[in-house]
Asker: 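Sharing a structure here in structure tokens format.
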Amino acid sequence: MKDRGKKQRDVVSWSGFFWCTLIVVFSCVLFTGFTFSTFHLLFGEKFQPVLVFRWQAPSRESISGEAPVTRSISIRETVLLPDQALLFLNYPPSTRLFTKEDLDCVYFSANSSLKQKPLYVDGDDRDSQIVRCPLYPRGFTVSLALKSNGENITAGPTHSWDSLVYEAMIDRDNTTIVFVKGLNLRAEKISNSSKFECVYGWDFTRPRYLLRTNVVSIAQEIVRCKTPLSVLSSPRRMMGNNSVKVSIRVKGRGIFHSIARAGLHSVQPDPPARKEYEMCVCTMLRNQARFLKEWVMYHAAIGVQRWFIYDNNSDDNIDEVLEWLSNANYNITKHIWPWIKTQEAGFAHCALRARDFCEWVGFIDVDEFLYLPSTLGLHDVLQNQSRYGYVGEMRTSCYSFGPSGLTRVPPQGVTVGYTCRVGVVERHKSIVRPEALNSTLINVVHHFHLRHGFKYVNVDKGVLIINHYKYQVWEVFKEKFYRRVATYVADWQNDQNAGSKDRAPGLGTRAVEPQDWSTRFCEVYDSGLRDDVLRIFAKPESQILPWQEEHEEHEQHLRTRTKGKHKGFFYDYVR
């Protein structure tokens, strides 16, 4: 009996141990779940365990050099422009970048899918590469797939372009400059900042986890925000695709969608005593690669030292041309600026980038050439104005040139080919001191607003003028009907502001060539710049210019041999 009682007590003891163990395990599970939920509430992200290797794991990219596995790459965000979709890729470290040949644009609907080639792949940085896809049909969504295996790339959120915070940068005073489409504010006017608020975070749909700061100033499409100290004090929050986003809240209406990340721009709190370059140039362009060599090489010869190219969705061979110029020791950099009708914002962005390097910056287009008709050089003109500390901007008048009797693009370039212009000046362009710009960065393409104490001067036409080859042969000119780049300028396909000086006189809203186009806008024969270009750049025997393509050099040589004995040949040729 004693043994049986002892055995029974042993059985009861093991049973109690089992239930006790079960309760402890269940309590641990509950505690662990509560802990993970707490992490999720505190940090807004799911906590996921990560397996850590003591040695480096092998790369997922194949040894044969094939494209990386798509599971490691995603589409961070998509922006829908009126004529195409921008897909921003998110790469992990040590992954090679895709090219246009690696990808297909894929369009999905409820019942079908389509594939098209990308228009272009922009960028050579894993934090900023953009794939541009054709605009997809109504009812479809766009993504990407790898050509090698057809595997789809995971897509992130999609944003409409008409209401979006699209760029941001931290200025040297630690404020954040925010660029916004959809504010619809008046040109050249400072707006009431109390109606707006700046917000920082990773997910703007969760207001509890956002940082809010005051708007310092707001004008046109540019907002200057007070940057939170927690953002400034943590460099990791301003690096790469995981950096904190910034957006704008319209009080009483809501927060703008945003793809803008508050990256640190300038590490110099004060302007350098002496800038590296005396004269720089900033331009915004689309599909102007064939004109770039002439524009850059000419301006380098007169004293321009650095070029900032803001590329507005080109799909020509601009990268090849820029590489050629860079290899030829021209200090030229391309900045991807895919945002349509934002030239004023782009120029403000460029002014901030150039400020630490350039004493003066000219804001001109690729069809505009600075011309010095007197014996003074560009350095002399800049030095003369630099003596006056209050001069912050030089406004230079423009002469608009017409087709000059031509029907085809002149092979020797615009400066030699077009020699007939209108009689009076049209508008002006500016060369500015970036340090003199107003903190609002207000500009209307042709000039900027300046800080208190600075003034602009009008440069005498006999000293410096801009030859604007505005009305070129129809093949080139008709591209202006595609879209104008300025925010406050109506596209020519619209009836708005039909009488504006920005439009070509006598043209309507359709790109239809008038019968007399080649002879229009010809009131004054002006060969001043043409003569200087031929004297400075042309080879003595062939008259070949350095920006002419190699295959054209041979053709031009043949023309010279057959017609070179004719007196005044070059005058007849360009006419």
Side-chain angles (χ1 to χ4, degrees), residues 277-289 291-312 314 318 322 325 330-335 337 342-351 353-354 358-373 377-379 381-382 385 392-401 413-415 418 421 425-434 437 443-448 456-459 461 463-472 476 479-480 484-486 489 501-502 529 532-533 547:
Y277 308 108
E278 181 182 43
M279 178 65 183
C280 304
V281 165
C282 179
T283 194
M284 186 177 293
L285 55 78
R286 176 185 175 273
N287 289 347
Q288 298 291 304
F291 304 114
L292 263 180
K293 286 184 181 179
E294 177 185 10
W295 186 73
V296 170
M297 296 173 80
Y298 167 78
H299 283 102
I302 68 170
V304 175
Q305 298 160 295
R306 182 168 178 178
W307 294 260
F308 297 86
I309 308 296
Y310 275 56
D311 182 24
N312 196 219
S314 295
I318 184 171
L322 292 176
L325 288 167
Y330 293 98
N331 194 342
I332 186 167
T333 54
K334 172 187 170 182
H335 185 85
W337 189 266
T342 58
Q343 189 175 31
E344 296 89 341
F347 279 2
H349 191 278
C350 186
R353 289 181 63 213
C358 309
E359 189 68 38
W360 295 93
V361 182
F363 292 86
I364 57 176
D365 298 332
V366 177
D367 60 356
E368 295 172 333
F369 288 72
L370 299 170
Y371 174 43
L372 298 141
L378 182 60
H379 172 76
V381 176
L382 297 176
Q385 298 301 333
E393 180 179 61
M394 292 184 285
R395 296 185 178 180
T396 308
S397 299
C398 303
Y399 278 130
S400 295
F401 282 70
V414 299
T415 55
Y418 302 112
R421 61 170 173 82
V425 296
E426 293 183 353
R427 295 189 169 182
H428 62 265
K429 288 297 180 74
S430 292
I431 302 172
V432 303
R433 273 179 169 159
L437 298 185
N443 69 87
V444 286
V445 178
H446 302 94
H447 56 261
F448 283 79
Y456 70 85
V457 295
N458 293 314
V459 182
K461 295 191 294 292
V463 174
L464 180 64
I465 193 77
I466 290 177
N467 278 15
H468 184 187
Y469 299 99
K470 181 177 181 179
Y471 309 111
Q472 298 186 35
V476 176
E479 292 299 318
K480 293 181 181 288
R484 310 310 308 280
V485 294
V489 173
K501 291 182 179 180
D502 176 71
L529 182 54
D532 283 354
V533 165
W547 46 79

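Position 1 is the first residue of the sequence; numbering continues from there. Since we're looking at a predicted model, the values are computed, not measured.
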Asker: Quick one: pull up CZ in Arg427 and NE2 in His447 and give me the separation to the nearest 0.5 Å.
Answerer: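 The CZ atom of Arg427 sits 10.0 Å away from the NE2 atom of His447.
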Asker: Decide side chain to side chain contact (heavy atoms under 4.5 Å, CB included) for His335 and Asp311; before the verdict, give the C-alpha distance in whole Å, the side-chain angles of both, and the deciding distance to 0.1 Å.
Answerer: CA-CA 6 Å; His335 185 85; Asp311 182 24; over 6 Å; no
Asker: Are any of the side-chain heavy atoms of Thr396 and Lys429 separated by less than 4.5 Å?
Answerer: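 In short, these two side chains do not touch, never coming nearer than 4.5 Å.
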Asker: Using a 4.5 Å cut-off on heavy atoms from C-beta on, say whether the side chain of Val281 contacts that of Val296.
Answerer: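 Val296 vs Val281: side chains apart.
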Asker: Kindly compute the distance separating NE2 (His468) from OG (Ser400), expressed to the nearest 0.5 Å.
Answerer: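 Result: 6.0 Å between the selected atoms.
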Asker: Does some side-chain heavy atom of Gln385 sit less than 4.5 Å from a side-chain heavy atom of Val457?
Answerer: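 Val457 reaches Gln385 side chain to side chain.
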Asker: Do the side chain of Asp365 and the main chain of Glu368 share a donor and acceptor less than 3.5 angstrom apart?
Answerer: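 A pair under 3.5 Å: no.
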Asker: If every non-hydrogen atom of Val432 is compared with every non-hydrogen atom of Phe448, which pair is closest and at what distance?
Answerer: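 In terms of heavy atoms, the two residues are closest at CG1-CD1, 4.0 Å.
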Asker: Distance check, rounded to the nearest 0.5 Å: Ser430 atom OG versus Trp360 atom CH2?
Answerer: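 It is 10.5 Å, given to the nearest 0.5 Å.
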Asker: For Glu359, check side chain to side chain contact (heavy atoms under 4.5 Å, CB included) against everything at least two apart and list the hits.
Answerer: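 Glu359 satisfies side chain to side chain contact (heavy atoms under 4.5 Å, CB included) with Lys275, Arg433 once adjacent residues are dropped.
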Asker: Does the side chain to side chain contact (heavy atoms under 4.5 Å, CB included) test come out yes or no for Leu437 and Asn443, once each step is laid out?
Answerer: CA-CA 9 Å; Leu437 298 185; Asn443 69 87; over 6 Å; no
Asker: Does Thr283 reach the main-chain N or O of Ile364 with its side chain, forming a donor-acceptor pair under 3.5 Å?
Answerer: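 Answer holds: yes.
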Asker: Please determine, by modelled atom types, if Ser314 and Gln288 share a side-chain donor-acceptor pair under 3.5 angstrom.
Answerer: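 Short answer, no.
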Asker: Minimum heavy-atom separation for Lys470 and Asp367, please, with both atom names.
Answerer: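 So the minimum-distance heavy-atom pair works out to CA-OD2, 4.1 Å.
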Asker: Has Ser397 got a side-chain atom pairing as donor or acceptor with Lys461's backbone, closer than 3.5 angstrom?
Answerer: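 No; zero donor-acceptor contacts below 3.5 Å.
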Asker: If you define the side chain from C-beta out and look only at heavy atoms, does anything of Thr333 sit under 4.5 Å from Ile309?
Answerer: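 Result no, sub-4.5 Å side-chain heavy-atom pair not found.
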Asker: Tell me the closest heavy-atom pair linking Asn312 and Trp337, and the distance in Å.
Answerer: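 Between these two residues, the closest heavy atoms are ND2-O, 2.9 Å.
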Asker: Are Asn458 and Tyr456 close enough that a side-chain donor and a side-chain acceptor fall under 3.5 Å?
Answerer: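 No pair is found: no donor N or O on one side chain lies under 3.5 Å from an acceptor on the other.
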Asker: Give me the ring orientation class for Phe363 and Phe347: parallel if the planes are under 30° apart, tilted from 30 to 60°, perpendicular past 60°.
Answerer: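 Correct class here is tilted.
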Asker: When rounded to the nearest 0.5 angstrom, what distance separates CZ in Arg395 from CD1 in Ile431?
Answerer: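 So the CZ of Arg395 and the CD1 of Ile431 are separated by 13.0 Å.
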Asker: Which atom pairs, one a donor and one an acceptor, fall under 3.5 Å between side chains of residues 298-306 and the rest of the protein, sequence neighbours left out?
Answerer:
from   : atom 1 : to     : atom 2 : distance (Å)
Tyr298 : OH     : Leu370 : O      : 2.6
His299 : ND1    : Trp295 : O      : 2.8
His299 : NE2    : Leu370 : N      : 3.1
Gln305 : OE1    : Glu278 : N      : 2.6
Gln305 : OE1    : Met279 : N      : 3.0

Asker: Apply side chain to side chain donor-acceptor pair (under 3.5 Å) to the pair Tyr418 and Asn467, showing each step before the final yes or no.
Answerer: CA-CA 10 Å; Tyr418 302 112; Asn467 278 15; over 6 Å; no
Asker: Answer whether the closest heavy-atom distance between the side chains of Phe308 and Cys280 falls below 4.5 Å.
Answerer: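 Side chain of Phe308 against side chain of Cys280, heavy atoms only: contact under 4.5 Å found.
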Asker: Grab the two heavy atoms, one from Pro434 and one from Ala351, that are nearest each other, plus how far apart they are.
Answerer: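 Here Pro434 and Ala351 meet closest at CB-O, 3.9 Å.
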Asker: Applying side chain to side chain contact (heavy atoms under 4.5 Å, CB included), run through Phe369 and Glu294 and close with a yes or a no.
Answerer: CA-CA 10 Å; Phe369 288 72; Glu294 177 185 10; 4.2 Å; yes
Asker: Rounded to the nearest 0.5 Å, what separates atom CD1 in Ile318 from atom CG in Asn287?
Answerer: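 One gets 8.5 Å once the value is rounded to the nearest 0.5 Å.
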Asker: Of all the heavy-atom pairs spanning Glu344 and Val444, show the shortest one and how long it is.
Answerer: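 Minimum heavy-atom contact is CG-CA, 4.2 Å.
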Asker: Could you point out which residue of Asp532, Ile465, Val381 forms a side-chain contact (heavy atoms from CB on, under 4.5 Å) with Leu372?
Answerer: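 The option that passes is Val381.
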Asker: So, for Tyr371 and Pro373, which heavy atoms are closest and what is the spacing to 0.1 Å?
Answerer: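 Smallest interatomic distance, heavy atoms only, reads O-CD, 3.2 Å.
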Asker: Between Tyr469 and Arg421, do the side chains contain an N or O donor and an N or O acceptor separated by less than 3.5 Å?
Answerer: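 Absent: no donor and acceptor within the cut-off.
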Asker: May I ask you to test the Val414-Phe401 pair for a side-chain heavy-atom distance under 4.5 Å?
Answerer: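 Not touching, per the 4.5 Å side-chain cut-off.
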Asker: Roughly how far apart are Ile466 CD1 and His428 NE2, rounded to 0.5 Å?
Answerer: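 Those atoms lie 9.5 Å apart.
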